[in-house]
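Take a look at the structure set out below.
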Amino acid sequence: MRLRGFDPWRVALWAVWAVLAVLLIWPLATILKASLIGANGEPSLANYAELLARPRYARALGNTLIAGAGGALGALLLGTTLAFLLTRFRLRGRVIIQTLAVMALVSPPFIGAYAWIVLFGANGLVRRFVVDLGIDMPPIYGATGVILVFAFKFFPNVFLITSAALSQVNRSLEEAAEGLGLAPWRRLTAVTLPLVLPAISAGALLAFVLSIADFGTPRLIGRNFDVLATEAFSLYTADLGANPGLASALSLVLVGISMLLVLLQRRLLRRDIFHGNTLRRPYVTVLRGWRSWVAHVLAYLIVGIGILPAVVVVAFSFRRTRGPVFQDGFGLQSYERMFHAVMDPVVNTILFSSTATIAIVIIGTLVGYLVTRRPSRSTAALDAILMIPYVVPGVVMGIGFVTAFNTPPFALTGGGLVIILAIFIRRLPYAARSSATALKQLSPSLEEAAISLGWSPAQAFRRVTVPLILPGIMAGGMMSFVTAMNELSSSLVLYVSSTVTMPVRIYQAVIGGDYGTAAALASTLLAITAAAVYAAFHFSGRRDTSFL
């Protein structure tokens, strides 16, 4: 029986807010509360005072800013260069370049750090070859190595965002600047760059946030280059079972830096913003001679180095091994060891990611609908709060879940459910944004017509709207699944022996020196990721990377 005046979307809005309150606001609030509790259990700022007083944490803060700025600048240079080459010049193999960039973006965690160690570590293949030639080459460990890995790990984010913006620039503006006598370089800086500044700054901000939140690369390559993420994890593991106040305080500093950068970027973009239209797309120039060679070599070099870690890992997964030691020749010992000894992480990863993705798709679609079709202060706040999972590092979210769900009646830690919930809340924005984007391209008149013919709003949404935006829903779901499969930081805090996932097992294998098993696991994870990316392209009905 239908209730007169009953609005199912109001109930959905309350339900979504309840989910966010329990899984996002509450864990972060418990971190804040823990950071304000002193060793004696009384409210205090002692934890923050200790962070300011101890030099190692000041050094970690400085290292975090160095790694974030260096990684963002490197990613910005590589990503904008590649975006400009592909949008303004006709390059052969454009689809191949885009595909390689996407694969570099979704490569599993630790692949980059592990592969760079294999190539340029103390006993790396390339370093040994160079040293044998009599050339002194330091290993990749330290700040330089961390920044280098960040640059090639996160440049696809800048590339995808910037290339989409560059392809939408109205060429009439550039033609007008040319008619006024501006040189090509001056046209680029005075006309083109201001038009794509929001995209460039968004890409740089994303690279910075991802760099300072990255736990694995500094842990493996940094050696003595400790950052806030590694210090927070070390503090948490050291204080396990005691008051995690110091780890919580350090986590909030990391979140504060991310939020400060987000607010700063938005403030800067409010000034001197230029707008254009897409009536006339930019010209695609055909290069000839040495200019064509330079453009092709540069584009393929960038994506080639970006995908190199994945290639190295796959190649080493087929190396012959005796225990953890690599031997000459090729074999399947690493995969045999993976299937016989460490198959549980594979099952756990697929199970946790699939379960979380189902929930992400359902809730994310509702959120996308509420934001686009039911505008209000509440939905505007809902849209804004979805930015938080982007900027909260996984280690911080994991610590928040431990502090929030470690005592009755919500004692969830130690089981698989808490990992699923952590993955769900961290990846929910992907599905929500993808559904919102699809809905913005769909006129609400079809849904209104169905309601006028007697269907309820819920029926119209389920039988009219959902089928029409299904490609966007599937694309967001697949990307949520890909990133869920690769989730490491929060899982590393939340796992127990029975809930180990593939990224955590890869981390353990690399730390323990079992590079063969790590390579086999990483190659398997990369294969699943590649299949999911292909499915995302297929279901989205697109042949480009703009849905990312």
Side-chain angles (χ1 to χ4, degrees), residues 63 66-67 70-71 74-75 103-133 135-155 210-211 214-227 229-230 233-234 304-328 330 333-334 337-338 342 486 488-489 492 502-526 529:
N63 291 344
I66 291 172
M103 290 308 300
L105 174 66
V106 299
S107 293
F110 284 102
I111 278 189
Y114 163 61
W116 288 108
I117 290 174
V118 170
L119 294 174
F120 298 100
N123 294 312
L125 299 178
V126 175
R127 183 176 181 274
R128 281 208 314 264
F129 176 77
V130 173
V131 171
D132 290 341
L133 295 178
I135 302 174
D136 184 22
M137 182 180 185
I140 196 172
Y141 306 114
T144 303
V146 170
I147 292 174
L148 181 66
V149 173
F150 282 163
F152 281 99
K153 184 178 181 180
F154 299 128
F155 86 86
L210 292 174
S211 295
D214 191 287
F215 165 81
T217 301
R219 187 76 169 185
L220 286 181
I221 294 182
R223 296 298 170 93
N224 295 324
F225 187 74
D226 292 318
V227 295
T230 57
F233 179 77
S234 298
I305 297 177
I307 202 66
L308 180 62
V311 175
V312 170
V313 167
V314 172
F316 268 73
S317 71
F318 291 101
R319 286 278 302 273
R320 185 183 302 276
T321 61
R322 178 176 296 175
V325 181
F326 285 114
Q327 305 289 322
D328 292 334
F330 294 92
Q333 291 84 0
S334 296
R337 190 159 58 251
M338 182 189 77
V342 291
N486 296 314
L488 171 70
S489 301
L492 197 59
M502 292 176 72
V504 173
R505 189 63 184 86
I506 293 171
Y507 167 78
Q508 293 174 336
V510 172
I511 292 294
D514 189 1
Y515 294 128
T517 302
L521 280 167
S523 298
T524 303
L525 189 55
L526 184 64
T529 299

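Hydrogens, waters and symmetry mates are skipped; everything else that's a heavy atom, side chains included, is used.
- For the residue pair R319 and Q333, the shortest heavy atom distance occurs at O-OE1, 4.2 Å.
- Taking CG of N486 as the start and CD1 of I506 as the end, the distance is 8.0 Å to the nearest 0.5 Å.
- Note that R223 lies in the cation-pi zone of Y141, set by a 6.0 Å cut-off to the ring centre and a 45° limit from the axis.
- The minimum heavy-atom distance linking A67 with S211 is given by the pair O-CB, 4.0 Å.
- T217 contributes atom OG1, which lies 12.0 Å from atom CD1 of I147 (distance to the nearest 0.5 angstrom).
- The side-chain heavy atoms of L525 and P503, taken from C-beta on, include a pair separated by under 4.5 Å.
- The distance from atom OG1 of T230 to atom CG of L220, rounded to the nearest 0.5 Å, is 11.0 Å.
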Would V118 and W116 satisfy side-chain contact (heavy atoms from CB on, under 4.5 Å), going step by step from the backbone distance to the final call? CA-CA 5 Å; V118 170; W116 288 108; over 6 Å; no
Kindly determine whether L526 and V313 satisfy side-chain contact (heavy atoms from CB on, under 4.5 Å), including the steps that lead there. CA-CA 10 Å; L526 184 64; V313 167; over 6 Å; no
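- Taking the side chain as every heavy atom from C-beta outward, R127 and I140 never approach each other to under 4.5 Å.
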Apply the test side-chain hydrogen bond (donor to acceptor under 3.5 Å, both in side chains) to residues R337 and T517: give CA-CA distance (whole Å), side-chain angles for both, the deciding distance (0.1 Å), then the verdict. CA-CA 7 Å; R337 190 159 58 251; T517 302; 2.8 Å; yes
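- Counting heavy atoms from C-beta on, the side chains of F225 and V227 come closer than 4.5 Å.
- Rounded to the nearest 0.5 angstrom, R505 CZ and M338 CE are separated by 11.0 Å.
- Counting heavy atoms from C-beta outward, V131 and D136 have side chains that stay 4.5 Å or more apart.
- F330 has its side chain out of reach of S317: every pair of non-hydrogen atoms, C-beta onward, lies at least 4.5 Å apart.
- Rounding to the nearest 0.5 Å gives a distance of 9.0 Å between CG of L521 and CG of D514.
- Side-chain contact check for L308 versus L119: some heavy-atom pair is nearer than 4.5 Å.
- With rounding to the nearest 0.5 Å, the separation of OH in Y507 from CG in L488 is 8.0 Å.
- When side chains are defined from C-beta on, L125 counts as touching F316, because their heavy atoms get closer than 4.5 Å.
- Residue N224 places its CG atom among 12 or fewer non-hydrogen atoms of other residues, nucleotides or ligands, all under 6.0 Å distant.
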If you apply the rule side-chain contact (heavy atoms from CB on, under 4.5 Å), what do you find for L210 with K153, and how did you get there? CA-CA 10 Å; L210 292 174; K153 184 178 181 180; over 6 Å; no
